[in-house]
Structure formats: C-alpha cells, structure tokens
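One structure is given here, and the rest of the page talks about it.
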Amino acid sequence: MNNLLPLPVLLPLLGAGLALILGRHPRAQRAVSSSVLLIVVVVAASLVVLTDRHGPIVLWVGAWPEPLGVALVADRLSSLMLLVSSIVTFTVLVFSMGQDVEERKRETPVSIYHPTFLVLAAGVSNAFLAGDLFNLFVGFEILLFASYVLLTLGGTGERIRAGTTYVLVSVLSSLLFLIAIAAVYAACGTVNLAQLSQRLPALPPDVQLVLQLLLLSVFSIKAAVFPLSAWLPDSYPTAPAPVTAVFAGLLTKVGVYAIIRTQTLLFPSSPLSDLLMWAALATMIIGILGAIAQAEIKRMLSFTLVSHIGYMIFGVALASEAGFAGAIFYTAHHITIQTTLFLVTGLIERRGGSTSLNDLGGLAALSPILGVLFFIPAMNLAGIPPLSGFVGKIGLLEAGVQHGGALAYVLVAGGVVTSLLTLYAMAKVWNRAFWRGVPDSTPSGNPLVVRRRSVVLPRGMVVTTGFLVLIGVGITFVAGPLYGYADRAAADMLSGLPYVQAVLPAGVR
C-alpha cells in the first residue's frame, strides 16, 4: 500500500517531462496531461479508503534507515486534501482544453501550460504528503516555481506586474521558511514532524513560542491570513481563468493545511490560540468588506477567498476536535466552490466581454445555463441551507459555542456577519450581471460589451464547470459521512499517536 504514496508526485513530474517533449504535438500533450491527473485522482481516492480503514501509511524514500531519510506520509487529513485537490486540478485542466484554438494559444500556450500545470500538481501533492519540514518546503517551492510561470502566461504588462508582486512575496516567505527550518533543526536536531512532536515539548517555553511564531508567519503568508494577505487580490485576478481558478482553490489551502498539521502535531498546547482567533476574525471581516467594495468580479472573489480563509483559521484557533473537524470539512468544501466560481467568471468574461459589474447585464436572459452555474456555487459560498457551505459554517459556529469565552462568541458573531455579507456580495453580482438589462453604454467604454447573441460558450468548458458545480452539490449529499471522516481525522491529529507510531519505529519513539 505504501508504494502508492510517491505516485501523486512522480506521475505529474514524469508527465511534465513527457509533455515538454511533445510540445509540438498538442493533442498528445493534452492526452498525457489528462491521463496523468486522472490516475492521480484514482490513487488519491484509494489512499482515502486505505487510511480511513488502516490508519496512516508511510514510505521512507530511498530506503534510508528511519528516521534519517525523507518520509512520505498519508493520513486521513492529507489523503482528503490530496483527493479534493486532484479532482480540482483534473477538472481545471479539462476546462482549459475547452478553449478554442486561438484563445488557447494566447491564454494558455500548450507547450508551456501543460508541463507547468503538471509540475504545479506535483508540488501540491508533495506538500500534502511531506513528513518533514524540509520536504514541505520543497513542495512549496515546486508549486511556487510553477505558479510564477502560470501567473505570467501571455506576457501582458498587467500580468507581469502582478507576477512581480507574487514573486517578491513568495521569495520572502520562502526565505523566512528556511530560517524557521534552520532554527527548528538547531533546537531539535531533526526536521521530521513525528520526531519534532516528541522533542519540542522538552524545549524551554520561550524557544517553543519563537519557533511557533516563525512557522505560523510563514504559513499565514501562504494561506493569506490577515494582515499578511494584501498580496492576493492584486495577484490572482490578472491570470487566465483556469490558472486563477486553480490558484484560488489550492494554493492558499496548502498554507492552511500546513497550519493545521503543525498546530496539532507540533504545538498541541498552543499559547497562541487567542492571537489566531483575532487573526481569524480580522481575516473574515476585512476580507468581506473588501469584497463588497469591488465592482470587478475576479477581485471580489479574491477578497471573498481571503475572507473565508478566516473560517478555517477560526476552527484551528479553537484547538478542539470540533473546531479542527469543522476546519477540515470547510477546507474541502471551499476548494471546490471557490474554484467553480472562478471558472464561471471565466465563462462570464467570455459571454459578456468583461468581468466588470459596470459593463455587464442581462446574462440570465442571454445564457440561462450560465446563470445556474453561477447561482448554485454562489449560494453555497454564502452558506444558504441545506448546501455544504451551511453545514461547514454551522459546524464551526457550534464548535465556537462549545468552546465558550467572550472571544469565541465574538468570532461566532463575526462568522455570521461574514456569511451575511458574502450573501450580499453574491446578490450584487447576480443583480447587476445577470438580472438587470444590458446597459446601453458602459463607463469603461468597452466596445465588446454589447448584446452578443452570436457568442456560444464552448461545450467542454460548460460541461467541466457543471461537473464541479455537481461536486459542490454532491458534498451536501455526503455531508454526514464526510463530516464523520473529518471528525476522525481531527481526533487522530489531536492524539498524535497514530501519526507518530506509523512514522517512527518502536526503538526510535
């Protein structure tokens, strides 16, 4: 079973090399990319079943003696994140294939796009499966290198400017991560997560606090937790629709995953819970206030992305089984919903010629199916019952009430307010882009924004977006089993024993 673990990393990397060789054969390149990612979906689904039945699975790469080597570890949390991320990457890849030839050459050049996309998928998988801090760093760097290329596809001035900001922030966070890894190794003599869980409690409390702050700062930048989130709304909206969608769905969630993993395994008795609660509250409120102030859909969704990261940090800050279970469930839900909304925005831009609310109108009449594709995930993001967004938010709010205390109740109130303001933001898009008539003239003077009855949305793009909409709805129907799975994952993480016992032999523990 443990031989399955390298496949989600190795297959995309090998596929990227083959896709690069096939750069002059677009059909073969697309076939390789889609086949590789489909196999990764199957492997990830197998790992979800195996880890739920048998506990964590470990592979020591290169047959080095434990614990000197590099370990790949799959438990319930990492397997679930791997499955959801692989479904999203596969669907987004198929969506990008649905673009017509000229747009594909301009927006996502095949010879560059497919190899880079597969490298991104490999980096995400490696981050989820990493069993030590340095391999986690390697996973981050793989996906960041690929994201630099994807973000600047097309070479427009706007994308280069956004890419510059993204690169600077990422390089800074990577440098800080290396400093944190060096400090952890100097203090503990290892970077293996299982070993660190046993050695960190023996350190003086002030040293533990410094190490925790370093790691939290790094992962908060990557997860876009306020006040370290200002880079995101300026970076994501400029990229092509498939790239923006996969960025929004996955990259920040890798940072959230790292926070959950380190907080439960390395710092289970965290003295920073109150700080995390304030950060969660600020992230929710300031993010959603930024969203409702926007008149451009991509920027609005970028701010809602920041805002809803706050819900996940809310669950982490509670440091309880119910809180972590809610955070895990909400993370899985949000990956699919946020990706779907950015894909729908790509269709809106194609159908209406713009993503500015000042320029759009009448889309519900012009393209009813586009209205359905937007409305369902928008209501899911806002947490309208009985959709999965409502289930996740109710779970987090209940965990906050169970936790008790004034700050927890303030967070519960903040979560409710954020949900209502999210509904307002989605209603704003619906009313102005879909419900009202087509404006006779537009403030931007965009000549493309007219009643374009001749524009036909590519069937492949519509079908793949609809598939992700169904995945989001499907999470609602399996919310009970999925929440039970999240509960079991949270219990394992808070205990720490299943992970440590699986990774370290008895003589090393």
Side-chain angles (χ1 to χ4, degrees), residues 67 70-71 73 77-78 123 126-128 130-144 166-232 251-280 282-283 306 309-310 312-317 319 324 327 493 496 499-500:
V70 174
V73 186
L77 172 63
S78 56
N126 189 64
F128 287 142
D132 62 80
L133 287 178
F134 189 77
N135 197 26
L136 179 61
F137 170 80
V138 171
F140 273 120
E141 291 308 296
I142 292 173
L143 67 90
L144 287 175
Y166 183 76
V167 167
L168 288 174
V169 172
S170 299
V171 168
L172 177 62
S173 66
S174 296
L175 178 60
L176 187 59
F177 197 1
L178 279 178
I179 294 172
I181 291 173
V184 168
Y185 187 80
C188 301
T190 183
V191 292
N192 181 277
L193 293 173
Q195 273 196 309
L196 286 174
S197 69
Q198 297 187 319
R199 296 186 181 184
L200 278 169
L203 297 178
D206 55 343
V207 176
Q208 293 185 52
L209 182 61
V210 169
L211 297 178
Q212 185 181 10
L213 281 171
L214 279 172
L215 292 173
L216 267 180
S217 299
V218 171
F219 300 143
S220 294
I221 294 173
K222 298 182 183 298
V225 177
F226 184 85
L228 304 173
S229 57
W231 59 270
L232 190 149
L251 297 195
T252 53
K253 308 310 183 302
V254 178
V256 171
Y257 166 82
I259 291 175
I260 294 175
R261 176 68 69 196
T262 53
Q263 284 296 110
T264 54
L265 192 59
L266 305 187
F267 308 103
S269 302
S270 171
L272 299 179
S273 293
D274 286 353
L275 178 63
L276 283 172
M277 286 188 182
W278 284 114
T283 303
V306 172
I309 293 296
M312 305 166 208
I313 303 304
F314 176 14
V316 174
F324 281 114
M493 289 188 300
Y499 188 98
V500 173

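A quick note: this is a predicted structure, and the numbers were derived from the prediction, not measured.
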Heavy-atom donor-acceptor pair, Thr283 side chain to Phe226 backbone, under 3.5 Å = yes

Here the gap from Met277 atom CE to Leu275 atom CG, rounded to the nearest 0.5 Å, amounts to 11.0 Å

Considering only heavy atoms from C-beta outward, does the side chain of Gln263 approach that of Ser273 to under 4.5 Å?
-> no

Pairing residues for Phe219 by the ring pair (Phe, Tyr, Trp, His ring centres under 6.0 Å) criterion, not counting sequence neighbours | Phe177

Got Val210 and Asp206 here, is their nearest side-chain heavy-atom distance under 4.5 Å?
-> no

To the nearest 0.5 Å, atom CG of Leu178 lies from atom CZ of Phe134 at 7.0 Å

Nearest heavy-atom contact between Ala71 and Asp132 is N-OD2, 4.1 Å

Does the Trp231 side chain pair with the main chain of Ile221, one donor and one acceptor, at a distance under 3.5 Å?
-> yes

Given the rule in the ring pair (Phe, Tyr, Trp, His ring centres under 6.0 Å) test, do Phe140 and Phe137 qualify, once you have shown the distances and angles that lead to the verdict?
-> CA-CA 5 Å; Phe140 273 120; Phe137 170 80; 8.3 Å; no

Just how far is it from atom OG of Ser217 to atom CD of Gln212, taken to the nearest 0.5 Å?
-> 10.0 Å

Between Ala130 and Leu193, which heavy-atom pair has the shortest distance, and what is it?
-> O-CD1, 4.0 Å

Between Val254 and Ala127, which heavy-atom pair has the shortest distance, and what is it?
-> CG1-CB, 3.6 Å

Atom of Cys188, atom of Arg199 and distance for their closest heavy-atom approach = O-NH1, 2.7 Å

Write down the atom of Ala187, the atom of Leu203, and the distance for their closest heavy-atom approach.
-> O-CD2, 3.6 Å

Side-chain heavy atoms of Leu276 within contact of Leu216, under 4.5 Å = yes

How close do Val73 and Tyr499 get, heavy atom to heavy atom, and via which atoms?
-> CG1-CE1, 3.5 Å

Once you round to the nearest 0.5 Å, how far does CZ of Arg261 lie from CG of Leu266?
-> 9.5 Å

Any chance you could measure Leu272, atom CG, to Gln208, atom CD, to the nearest 0.5 Å?
-> 11.0 Å

When rounded to the nearest 0.5 Å, the distance separating CG of Leu133 from OG1 of Thr262 is 8.0 Å

Heavy atoms, side chains only, cut-off 4.5 Å: are Met312 and Ile260 in contact?
-> no

Determine yes or no for a side-chain-to-main-chain donor-acceptor pair under 3.5 angstrom, with Asn126 supplying the side chain and Asn135 the backbone.
-> yes

Test item: Lys253 and Ile309 side chains (from C-beta on) under 4.5 Å apart, heavy atoms | yes

